[in-house]
Novice: 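Pasting a structure here, questions to come.
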Amino acid sequence: MSMSITVSNDVAQHLNSLAIGEMTDVNDKLRSLLEAEYRRQLTRYSLTDRQLTQKYHTDFETFERQQLTKQHGYSWDVESDAIAWEQAVDGIRTMQRKLAEVLQKGRS
């Protein structure tokens, strides 16, 4: 499916002047920027997952199954960790899926 997108002259000039390897096609440059952003977000979510895995000495599924928020008396610290962790785990899945889509369509 193709779609036309209108961008300002300013944005177009930046895209045209952006040097990404040997890429000259704007579509390829945008795909590369999407890939970089998805990788950046994946790294951020993965870091949160690693930090909380180390903090609680378990993975998120076990944390939830063992109801560790309840065991810790629903403290603010544990509740906010649980929310951040759930967001990170979901974010990892989402970014992996989106990254795979961008990479797959880039090969097509």
Side-chain angles (χ1 to χ4, degrees):
M1 174 174 103
S2 288
M3 177 187 300
S4 294
I5 298 174
T6 304
V7 296
S8 69
N9 287 334
D10 184 50
V11 170
Q13 287 175 356
H14 283 284
L15 283 170
N16 285 329
S17 67
L18 190 62
I20 302 177
E22 299 293 319
M23 292 179 205
T24 57
D25 182 66
V26 171
N27 195 55
D28 291 339
K29 289 180 182 183
L30 289 171
R31 186 177 308 285
S32 181
L33 291 171
L34 287 170
E35 179 185 346
E37 177 58 17
Y38 290 153
R39 287 185 189 282
R40 184 193 68 76
Q41 289 185 32
L42 179 59
T43 299
R44 184 174 55 95
Y45 289 134
S46 295
L47 176 61
T48 299
D49 181 46
R50 267 194 316 276
Q51 289 172 332
L52 292 170
T53 295
Q54 289 173 350
K55 181 176 181 177
Y56 292 98
H57 306 288
T58 190
D59 62 14
F60 180 70
E61 288 179 19
T62 305
F63 177 89
E64 286 283 285
R65 192 172 50 252
Q66 293 179 351
Q67 298 180 337
L68 291 180
T69 52
K70 182 178 180 179
Q71 289 181 30
H72 287 89
Y74 300 103
S75 73
W76 172 255
D77 186 44
V78 179
E79 284 283 348
S80 65
D81 283 349
I83 292 166
W85 206 351
E86 182 174 26
Q87 182 180 15
V89 169
D90 183 53
I92 289 168
R93 278 188 240 119
T94 301
M95 290 306 110
Q96 287 173 333
R97 180 179 44 77
K98 288 180 177 275
L99 185 57
E101 288 172 7
V102 165
L103 292 173
Q104 182 63 34
K105 293 199 178 176
R107 293 184 194 120
S108 307

Novice: Could you state whether Leu47 and Leu52 fall into the same hydrophobic cluster, counting links through intermediate Ile, Leu, Val, Met, Phe, Trp or Tyr residues with side-chain heavy atoms under 4.5 angstrom apart?
Specialist: no

Novice: Any heavy-atom pair between the side chains of Asp81 and Thr69 that's under 4.5 Å?
Specialist: no

Novice: Kindly state each residue pair satisfying salt bridge (charged side-chain N to carboxylate O under 4.0 Å, His left out) with at least one member in residues 28-47, sequence neighbours excluded.
Specialist: Glu35-Arg39, Glu37-Arg40

Novice: When rounded to the nearest 0.5 angstrom, what is the spacing between NZ in Lys105 and CG in Asn27?
Specialist: 11.5 Å

Novice: So, Arg65 and Asp59, do they make that salt bridge, N to O below 4.0 Å?
Specialist: no

Novice: Transitive ILVMFWY cluster of Ile83 at side-chain heavy atoms under 4.5 Å: who else is in it?
Specialist: none

Novice: So for atom CD, which belongs to Gln71, do other residues, nucleotides or ligands contribute more than 12 heavy atoms lying within a distance under 6.0 Å?
Specialist: yes

Novice: I'd like to check the ring pair (Phe, Tyr, Trp, His ring centres under 6.0 Å) partners of Tyr38; sequence neighbours left out, ordered by chain and number.
Specialist: none

Novice: Would you kindly confirm whether Phe60 and Tyr45 end up in one hydrophobic cluster when ILVMFWY residues are joined by side chain heavy atoms under 4.5 Å apart?
Specialist: no

Novice: Under the ring pair (Phe, Tyr, Trp, His ring centres under 6.0 Å) rule, what pairs show up with a residue in residues 61-84, not counting sequence neighbours?
Specialist: Tyr56-Phe63, Phe63-Trp85

Novice: How long is the straight-line distance from OG1 of Thr94 back to CD of Gln41, given to the nearest 0.5 Å?
Specialist: 9.5 Å

Novice: With side chains defined as the heavy atoms from C-beta onward, is the minimum distance between Ser8 and Val11 less than 4.5 Å?
Specialist: yes

Novice: Partners of Asn16 by side-chain hydrogen bond (donor to acceptor under 3.5 Å, both in side chains), sequence neighbours excluded?
Specialist: none

Novice: Atom CD of Gln54 and atom CG of Asp49: how far apart are they, to the nearest 0.5 Å?
Specialist: 10.0 Å

Novice: Go through the structure and list residues passing salt bridge (Lys or Arg N to Asp or Glu O under 4.0 Å) with Glu101, not counting sequence neighbours.
Specialist: Arg97

Novice: Counting only N and O atoms by type, is there a donor-acceptor contact under 3.5 Å from the side chain of Thr62 to the main-chain atoms of Thr58?
Specialist: no

Novice: Please tell me if the side chains of Leu99 and Met95 come closer than 4.5 Å, counting only heavy atoms from C-beta onward.
Specialist: no

Novice: What I'd like to find out is whether the side chain of Ile92 reaches to under 4.5 Å of the side chain of Asp90, using heavy atoms alone.
Specialist: no

